[in-house]
Amino acid sequence: MTDHELSRPDSSMGLEQEQSRLLRKALQRSGVRHGDLWLRYFSIGGTVGEYEVDAYIQSLFSLPAGQRDLLAHAANELIDELPPLPRAPYLQDLA
Amino acid sequence: MAQQLPLDELSTVIARIQGLLLTEEKVNSAVRLLAQAAKESVPGTIGAGVSLMDARGRRTSSGYTDRIVAEADATQYERGEGPCLTAWATEKPVLLQDIRVETRWPDWRRAVAGLPVRSVVSAPLIAGKETIGALKLYAALPNTYDESSTTLLQLFAAPAATLLSHIQASEAPHKMTEGLQASLYTRDLVNRACGVLMERMGLTHEAALQWLIRHARDENTALQDVSARVLAGTPASGS
């Protein structure tokens with residue numbers, strides 16, 4: 001067994017950990033709630049239940065790669081729909 | 001695009017499973033029992049009633065201990081004014097010490113002049129942020145009620161409102177329908193698009209979903225928009 005073969009399961013697990021950690025961070029920063037995320041994920045074809053999705057977000061449960069990407073996409077759709085931060089007006093905008 | 005799917009029955013099924021739906025019979029008997037308990041809690045009371053109202057102040061169900069209450073109450077909804085409607089609208093308890101001295105609600109007072117009702121106290125039923133109705137006591141003598149009966153009725157109204165708001169869930173399946181329909185509609189849309197791609201490009205379901213995600217990412221659009229285009233037969237880029 002080569003080093004490469006040995007490291008594969010580890011690195012894919014590490015990637016899943018990283019993917020769920022960064023999803024968790026994105027949700028925290030954007031304030032998107034887990035329930036809303038699951039609903040969007042379900043609405044675009046997600047097949048995993050809310051409880052399992054919640055556990056995945058906490059990095060306590062493993063999901064298939066396709067479902068992870070679908071969940072990420074659902075999160076990004078919700079984040080893109082958030083109102084942008086208010087911008088500072090120029091004097092001309094106020095006059 | 002037809003967004004109307006026959007999902008009303010499905011949402012009703014879900015509401016049934018979750019126990020949200022109670023029969024009208026159960027609501028009416030709960031309301032009647034509540035009115036009875038309210039009547040016995042304040043001496044001098046000749047009748048008590050509970051009315052549940054929808055968001056526009058229309059009465060949806062009611063319970064009474066005595067016919068007099070039914071008549072005095074019905075008059076309020078006919079005239080569109082009265083102590084209970086005021087309690088409901090202002091979300092504050094209303095005390096009417098003597099109907100012959102009172103100056104508010106002239107129409108209603110004229111209409112109930114023939115009934116043996118002299119004083120009334122009414123408290124709104126507030127569940128969460130919503131006022132769902134009013135609880136009221138009627139007495140044949142003036143000055144039967146004071147501030148302490150108002151306080152007592154309010155203590156009574158708080159838990160009653162919480163209970164009744166759960167019973168009054170007949171609107172819940174309708175509210176649920178909207179969200180459920182939208183959710184199941186897009187889910188169906190995405191899955192049909194996957195089916196089309198599987199046939200058109202010889203993909204597995206998994207690969208078809210990945211294809212959709214990739215295109216949604218590249219074009220910075222929602223998955224459902226990409227799916228709708230696939231279904232509309234628009235030749236997608238990169239296929």
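Not measured: the values here are computed from a predicted model. Throughout, protein chains are lettered first and strands after them, A, B, ... in sequence-line order, and every chain is numbered starting at 1.
- Judged purely by atom type and a 3.5 angstrom limit, A:Glu77 uses its side chain to pair as donor or acceptor with the backbone of B:Leu223.
- Under a cut-off of 6.0 angstrom, the local environment of CD in A:Glu81 is crowded, with over 12 non-hydrogen atoms contributed by other residues, nucleotides or ligands.
- B:Arg214 CZ to A:Asp69 CG: the interatomic distance, rounded to the nearest 0.5 Å, is 11.5 Å.
- Contact between B:Leu209 and A:Ile44 at its shortest, heavy atoms only, is CD1-O, 4.5 Å.
- Counting heavy atoms from C-beta on, the side chains of A:Asp80 and B:Asn220 come closer than 4.5 Å.
- Neither the backbone nor the side chain of B:Ala193 comes within contact range of chain A; no heavy atoms are under 4.5 Å apart.
- Within the 3.5 Å criterion, the main-chain N or O of B:Thr186 finds no donor-acceptor partner in the side chain of A:Ser43.
- The closest donor-acceptor contact from the side chain of B:Arg217 to the backbone of A:His73 lies at 3.5 Å or more, if one exists at all.
- If you measure heavy-atom distances from B:Thr221 to chain A, the contacts under 4.5 Å come from the backbone alone.
- Put simply, the side chain of B:Arg187 gets close to the backbone of A:Phe42: a donor and an acceptor are under 3.5 Å apart.
- Within 6.0 Å of CZ on A:Arg33 lie no more than 12 heavy atoms contributed by other residues, nucleotides or ligands.
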Check: residues 88-95 of chain A side-chain donor-acceptor pairs under 3.5 Å, at least two apart:
| unit_1 | atom_1 | unit_2 | atom_2 | d |
| --- | --- | --- | --- | --- |
| A:Asp93 | OD2 | A:Tyr90 | N | 2.9 |

